[in-house]
Amino acid sequence: MAKLFAGVGTSHVPGIGAAVDHKKTQTDYWKPLFDGYEPAREWMQNEAPDVVIIVYNDHASAFSLELIPTFAIGVAERFQPADEGYGPRKVPVVEGHPELAWHLAESLILDEFDMTIANEMPVDHGLTVPLSIACGEPDIWPCKVIPLCVNVIQYPSPTGNRCYQLGKAIRKAVEAFPADLKVAIFGTGGMSHQLQGERAGLVNADFDIAFLDDLTRNVDRLVRIPHVEYLREAGSEGAELVMWMIMRGALDDDAREVYRHFHVPASNTAAGLIILENP
Amino acid sequence: MAKLFAGVGTSHVPGIGAAVDHKKTQTDYWKPLFDGYEPAREWMQNEAPDVVIIVYNDHASAFSLELIPTFAIGVAERFQPADEGYGPRKVPVVEGHPELAWHLAESLILDEFDMTIANEMPVDHGLTVPLSIACGEPDIWPCKVIPLCVNVIQYPSPTGNRCYQLGKAIRKAVEAFPADLKVAIFGTGGMSHQLQGERAGLVNADFDIAFLDDLTRNVDRLVRIPHVEYLREAGSEGAELVMWMIMRGALDDDAREVYRHFHVPASNTAAGLIILENP
Amino acid sequence: MRKDREYSDIPGTYVFDPEHSRQGYHLNMFCMSLNKEANREQFRRDESAYLDVFPMSPEQRDAVLQRDWIGLLRLGGNIYYTFKLAIFDGINMQEIGARMEGVPDEQFKAMMINGGRPIQGNRYQKEWNRSG
Amino acid sequence: MRKDREYSDIPGTYVFDPEHSRQGYHLNMFCMSLNKEANREQFRRDESAYLDVFPMSPEQRDAVLQRDWIGLLRLGGNIYYTFKLAIFDGINMQEIGARMEGVPDEQFKAMMINGGRPIQGNRYQKEWNRSG
Ligand SMILES: [Fe+3]
Ligand SMILES: [Fe+3]
């Protein structure tokens, strides 16, 4: 049977992708951030998951205000990098895992999650930057990817509790899949940042560190963070952190932290990365 | 505050719309069906709801396999009749109620239903046929409409219980809306029918009558009907009846039946209509 | 179709489940394209050329060109999609029903007027095997 | 914006809630259209003509033409959408941040390098009123 063995929480700042694409990872500005990603890349190479479920949000790339799914799961064979206005990132096409993705979609709907099933979904920096962070610049991505896209742009996004429960249902579904697959889940977005308004540039490192700490020490607190607290304390775009709760829900209660990295700033954002493994 | 006072369950067979559009409602074939709709039209005229929430499914009109939302709520100002392959039905444009629809979307998401929010959604016979049944052929529809579109084409559709719980959450949201509106909810689709395969033409009147009976006598039984029972007993397209559970969930436990009509056949379908009112 | 589903023993019924949907994706997307008058016009002009843009299997393509209604379902079609092709041809749902079963149109229509296909004897595949 | 939301007292923050989304629908859909190179080309050729197809308010239209970044938000824009216009102009997110606050780019960049805008004093509107 498939096994969900680990989760990664990581920011997905487009500037991080641009630094990779434009060979700037060794500049004074970016080096401290990328140095901290090295152990994560080694971990990824050593663990070599067959499939990674990447929980992310679309940023007006695949979806517009015409249609706003709360949770969309990508079941296609492949997903093209989206043109976000600069032309698509020159990264490999993202290969899906339709069998597992459809199995997840079916299991989740029967478990009363109201998924949107996506056969066509270009993927933007929300998904490709975490791949760049974890895998560097390979010719093809070293794992299959199941995109799980969460609305965090149109208020209201799903609650932290709903996300956490979705994670639990994903875990159950993965482990009922009759193939010997090693599966990881990434929760992406955050950490504290605000891109918009006169308060743009907000960073709340105390909030972020406490968030990283409580992913292993006090998940219950995180699950109950209301939208208004994310907005106020972590910034309007820091509210993306709710997506990390899906990743956390998919892991054991006593998952342990094996690595973390926190750096300010990446563009306008506090960048964090954490690796959690099931015991 | 807004008040949800009644629910209607009705089939939405495209042939019923075509009979209206082509002035065939008084032919031998169609007259018995349309005679039974007369009391429903009178009820609709007398009660004159301000807004009707129409729960229906799209039939490869607004949505394709590219993107399959489990629950999509239409928040637009208006919804155009869809071209289903014959050119659009020549019925009035459907006017929405964006304030209430957005209020519902927000309330439902915060109540942990994973809605898709739709600003663009042409509406097909699934929605316009129930309007024709309830309102005849007016120049403009006599009420605002909030489309609530449910996936029942791609297996699996949401469970009966999930639909029923969604109905309850809709009731709560409507009654928290701070405007003096009279709101009804239509659950559409069914009753027993199968359009596809060598078993096409299946009708199970006993199942349908028991379903109509139990909408007031034994809702618990209906809530627990599994997909396989709908498929086997009511036919592959009779499984649309799950949408009636959303309507039922939005009503009081002791809602009473004020009218029913049942006729076989309407095209390949057992056509039913029931009106339930809160006490 | 997978044979191990709880609904696999329902006779003459093609449940549009994940496997079926994957199999029929391009076939169904072709059918959906007929929602647009401009596409219907092109398809009318040259069916074969129009089909070239949809990466269907040769079997699916043949089933479209031959209007093999039951074949379309067996190859992953969903009735709401394949019915777009029937709309294009000006055929109604009862006529499609007759052609899928392989009986004359009038026989199917008469069955519907007499209350439809009964549920008795039509719940389980084994009931069909006995009678066939 | 509605003033009765639990987040209404967060300063300098335009929550993209239902009211905001309705107000900014066409403005944001214009921004989204710049995802396509063909559209970017047309917009480059004649901004004003390109905007004619989007039924925006005159204020929204002016805010686009004048690159009034904070005005765009106040008129219903969402930053992920309005940023498409910044991408078009070749402006990065920190420069937009500076322009929304109304400070020099270098000042904003320095603030970020020094750890960003602190949360202290920036949680509640009343904190801004006092200091303003
Ligand atoms: Fe993001
Ligand atoms: Fe239907």
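Within every chain, numbering begins at 1; the chains are lettered A, B, ... in the order of the sequence lines, protein sequences first and strands thereafter. What you are looking at is a predicted structure, and each value in this text was computed from that prediction instead of being measured. All values below come from the heavy atoms of this structure, side chains included, with hydrogens, waters and symmetry mates left out.
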request  = Please look at D:Met93 and chain A and tell me whether the side chain, the backbone, both or neither of the residue comes under 4.5 angstrom of a heavy atom of that chain.
outcome  = both
inquiry  = At a 4.5 Å cut-off on heavy atoms, which part of D:Phe88 comes close to chain A: side chain, backbone, both, or neither?
reply    = neither
ask   = Rounded to the nearest 0.5 Å, how far does CD1 of D:Ile96 lie from CG of A:Asn268?
value = 10.0 Å
inquiry  = With heavy-atom distances below 4.5 Å as the criterion, would you say the side chains of A:Asp83 and D:Lys36 are in contact?
reply    = no
key: chain D contact via A:Phe63 - side chain, backbone, both or neither, heavy atoms under 4.5 Å   = backbone
Selection from A:Ala270, A:Ser267, A:Pro226 maximising heavy-atom pairs under 4.5 Å formed with chain D = A:Ser267
note = The interface call for A:Glu66 against chain D, heavy-atom contacts under 4.5 Å, is both
query = Non-hydrogen atoms of chain A under 4.5 Å away: do they reach the side chain of D:Arg123, the backbone, both or neither?
reply = both
Heavy atoms from other residues, nucleotides or ligands near CZ of A:Arg221 exceed 12 (cutoff 6.0 Å) = yes
inquiry  = With a 4.5 angstrom heavy-atom cut-off, is it the side chain or the backbone of D:Met112 that approaches chain A, or both, or neither?
reply    = both
query = Taking atom CG of D:Asn35 and atom NE2 of A:His59, what is their separation to the nearest 0.5 Å?
reply = 12.5 Å
key: D:Lys109 side chain near A:Pro265 side chain, heavy-atom distance below 4.5 Å   = no
message = At a heavy-atom distance under 4.5 Å, which candidate from D:Glu101, D:Glu6, D:Gln94 has the highest pair count against chain A?
response = D:Gln94
ask   = When you look at CZ of D:Arg44, are more than 12 heavy atoms from neighbouring residues, nucleotides or ligands closer to it than 6.0 Å?
value = yes
remark   = One option among D:Leu85, D:Leu73, D:Asn92 has the most heavy-atom pairs under 4.5 Å with chain A, and it is D:Leu73
key: A:Tyr29 versus chain D, the contacting section by heavy-atom distance below 4.5 Å   = side chain
ask   = At their closest point, which heavy atom of A:Gly201 faces which heavy atom of D:Met111, and how far apart are they?
value = CA-CE, 4.1 Å
query = At what distance, to the nearest 0.5 angstrom, does CD1 of D:Ile119 lie from CG of A:Asp206?
reply = 9.5 Å
message = Testing the basics here: between A:Ser64 and D:Met32, what is the closest heavy-atom pair and its distance to 0.1 Å?
response = CB-CE, 3.6 Å
task = Flag the one option from A:Pro14, A:Ala18, A:Ser61 with the top tally of heavy-atom pairs under 4.5 Å to chain D.
result = A:Ser61
inquiry  = As an exercise: rank D:Asn39, D:Ile70, D:Leu34 by heavy-atom pairs under 4.5 Å with chain A and give me the winner.
reply    = D:Ile70
query = Just checking, any donor-acceptor pair under 3.5 angstrom between side chains of A:Glu198 and D:Tyr14?
reply = yes
Side chain, backbone, both or neither of A:Gln194 within contact of chain D (heavy atoms, under 4.5 Å) = side chain
key: CD-CG distance between A:Glu233 and D:Asn122, expressed to the nearest 0.5 angstrom   = 11.0 Å
message = Among D:Gly77, D:Pro18, D:Gly97, which residue has the highest count of heavy-atom pairs closer than 4.5 Å to chain A?
response = D:Pro18
message = Could you tell me if the side chain of D:Thr13 sits less than 4.5 Å from the side chain of A:Arg232, heavy atoms only?
response = no
From A:Glu237 atom CD to D:Tyr80 atom OH, the distance as rounded to the nearest 0.5 Å = 4.5 Å
Test side chain to side chain contact (heavy atoms under 4.5 Å, CB included) applied to A:Tyr155 and D:His20, step by step = CA-CA 9 Å; A:Tyr155 182 91; D:His20 211 71; over 6 Å; no
key: Non-hydrogen atoms of D:Tyr81 and A:Leu65 that approach each other most closely   = OH-N, 3.3 Å
remark   = Here the pair of heavy atoms bringing A:Val228 nearest to D:Ile10 is O-CD1, 4.3 Å
inquiry  = To the closest 0.5 Å, what do you measure between CD (A:Gln196) and CZ (D:Phe16)?
reply    = 10.5 Å
key: Proximity breakdown for A:Thr269 and chain D, heavy-atom pairs closer than 4.5 Å   = backbone
key: Which atom of D:Arg40 lies closest to which atom of A:Gly87, heavy atoms considered   = NH2-N, 3.6 Å
